[in-house]
Asker: 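Below is a structure I'd like to ask you about.
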Amino acid sequence: MSGVPQRTLLLWCPDWPVLAAEIVDGVPATDPVVVLHANRVIACSERARAEGIRRGLRRREAQGRCPHLTVVDHDPGRDVRAFEPVVAAVEEVVAGVEVIRPGACATAARGPSRYLGGEEAAAERIVEHVAQSCAVESQVGIADGVFAAGLAAREGRIVVPGGTREFLAARPVEALGRPALADLLRRLGVRTLGDFAALPAGDVLARFGFDGALAHRLAGGRDDRPLAVRQPPADLTVTADYDEPIDRVDAAAFAARTLAERLHERLAGYGLACTRLGIEAVTAHGQELHRVWRHDGLLTAAAIADRVRWQLDGWLSGSNGRGGTRPARPTAGIVRLRLVPDGVLAQAGLQPGLWGETGEERERAHRALSRVQGILGPEAVVTAVLGGGRSPADQVRLVPWGDERVPARPGPPPLPSVAAPPAPAPAPVVVPAGSGAGRRAGRGRAVAEPPWPGRIPPPSPAVVLPTPLPADVRDAAGEPVVVSARLAVSAAPARLTVGDGRPAEITGWAGPWPVDERWWAPAEARRRARFQVCLADGAALLLAVEGGQWLVEAIYD
């Protein structure tokens, strides 16, 4: 912490918690107002000070001095939200602003003083701009270091270079903002910052510790902490206004292409790319439309244009892409279109995998599938995403090509375990009555409870039927096989008939895996048990019995 303190310009808004309450909650700051924290006053308005109220007073004492006092609870979030426009206004005049706390921000004085004609001119310009932009009164102080500039701002003073130590010397020790230390120093006879700075640094460190040593440096004007300036976020949003409302898909496609290229160029100028895209539109009647598109990768200019075109097509034609109920079209054409990039990251922040995900073949496939989407729509090409669930149909979600691959249900996909599709056997595998999910018939040992109790063990079936086929399962005597409420199988399955087909011999079977879903919602409750069976011709099927009816749900390879 050696070196010369940086010349600092600090803007301070008096009584900021009171002003924030007026800005956010509408509490008139011209009335006697106090902001309380832990039942003590931490800020008060000018009218309240005229009534004798000061910081640190208890609530009851403050209300005794001013019966018509307005009391507001301290809300740090409110103070920060209200101060953000002030910081943005300062950044419109100077660069590299550090927020000290809500109500105070600082910047290096050298740059503004050079291009605004001196330190006094820079201070006047900033105060005036904040007043015009935010209707907030403020004061500016300039000194060597942030601490001295903060004290100077309370007087609206510019301390000459090199005069900070003399400026601080006459200040009381309470100016350090450390009540316990200030009380101890006063009891020791040290009443001003000059007296405190005159003490030997080694003795201060030994007596008051590290925090006391830091306060000692501040009292001596040796505040050489560099400003931790914030970088204002880049405005990456692109907007287009149209004199003639867009109500045709072909005109929307042209507008989408132009706006997408502008967005891509703006992102590329900052070395950025986005993985999510917000599309906002406003119609001639003031109707606002909004949709967010996710992408499993970086959105190129063509990908952005396609998604904007698809969304505009959906809005203007009222299409939902699945042949279901068509949403209502907007009551008028689109007069404003806005693209908001989200999930922004550096161009090199999303790297492809090392094996099997690079090369000309993958790029050709991607271009071909994207071309099909461009002609037929986003849901013309889909890929399967595995997730959690108890049955194969629950674990699979079809995602349009290029969209973010997020499973429909949380939880990992099925992992390899001791369970597997049954193999043909000379004698059927019999499940003891009462055996539950997680125990494989005939294995003699239990499997760990999966995240979705009752799910089918791996491997997954090759074909999941969109509509299960009705089936009939009978035992060796020709009687229907029944599963009781306690999962007891009436007899070993011996023959299977699917629909109107011929009966097939069952050579091996495993199960049952019970499912009792949404029992708390009677209208959605579902109770069934699944079996894996192997037939004499080598086929393996996934069966389910629900309400006494057997169904074929899936087919294994």
Side-chain angles (χ1 to χ4, degrees), residues 388-396 409 411 414 417-423 425 428-461 463-477 479-499 503-504 506-535 539-556:
R390 296 183 176 86
S391 66
D394 296 337
Q395 295 169 0
V396 177
R409 292 175 172 82
S417 69
V418 298
V429 181
V430 180
V431 181
S435 62
R439 181 175 295 276
R440 175 61 192 271
R443 294 288 183 176
R445 57 191 178 117
V447 181
E449 180 91 337
W452 288 85
R455 69 174 182 175
I456 297 298
S460 301
V463 179
V464 179
L465 302 176
T467 303
L469 301 177
D472 181 60
V473 178
R474 296 184 177 269
D475 58 16
E479 296 296 328
V481 177
V482 179
V483 180
S484 70
R486 294 182 173 271
L487 302 178
V489 183
S490 61
R495 288 191 300 276
L496 169 68
T497 303
V498 180
I506 298 176
T507 58
W509 63 281
W513 287 276
V515 173
D516 190 2
E517 295 180 305
R518 304 190 65 81
W519 47 267
W520 59 89
E524 304 174 10
R526 189 179 184 188
R527 180 181 175 90
R528 66 189 188 278
R530 278 84 50 83
F531 291 79
Q532 293 171 330
V533 299
C534 194
L535 307 180
L541 306 176
L542 177 64
L543 305 181
V545 57
E546 181 175 359
Q549 174 65 53
W550 287 87
L551 302 169
V552 179
E553 286 191 339
I555 304 171
Y556 291 94

Asker: Sub-3.5 Å donor-acceptor pair from the side chain of W550 to the main-chain atoms of V481, do we have one?
Answerer: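 Side chain of W550 to backbone of V481: a pair is present.
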Asker: Given V552, which partner from the list L542, V498, V533 fulfils the side-chain contact (heavy atoms from CB on, under 4.5 Å) test?
Answerer: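 For V552, the side-chain contact (heavy atoms from CB on, under 4.5 Å) check succeeds only for V498.
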Asker: How close do P461 and V464 get, counting heavy atoms only, and between which atoms?
Answerer: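 It is CG-CG2, 4.3 Å.
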Asker: Using 0.5 Å steps for rounding, measure from the CZ atom of F531 to the CD1 atom of I506.
Answerer: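 F531 atom CZ to I506 atom CD1 measures 10.0 Å (nearest 0.5 Å).
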Asker: From E479 CD over to R474 CZ, what is the distance, rounded to the nearest 0.5 angstrom?
Answerer: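 It comes to 7.0 Å.
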Asker: Please report the closest heavy-atom contact between A544 and R530, naming both atoms and the distance.
Answerer: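 Heavy atoms of A544 and R530 come nearest at CB-CG, 4.0 Å.
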Asker: In Å, rounded to the nearest 0.5 Å, how long is the span from CZ of R528 to CD of E553?
Answerer: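 Interatomic distance, R528 CZ to E553 CD, rounded to 0.5 Å: 5.5 Å.
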Asker: Measure the spacing between CD of Q532 and CG of L541 and express it to the nearest 0.5 Å.
Answerer: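 Q532 atom CD to L541 atom CG measures 10.5 Å (nearest 0.5 Å).
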Asker: If I compare all heavy atoms of A476 with all of A494, which pair ends up nearest, and what's the gap?
Answerer: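 Looking at all heavy atoms of both residues, the shortest contact is N-CB, 3.5 Å.
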Asker: Any idea which heavy atoms bring L496 and A471 closest together, and the distance?
Answerer: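 For L496 versus A471, the nearest heavy atoms are CD1-CB, 3.8 Å.
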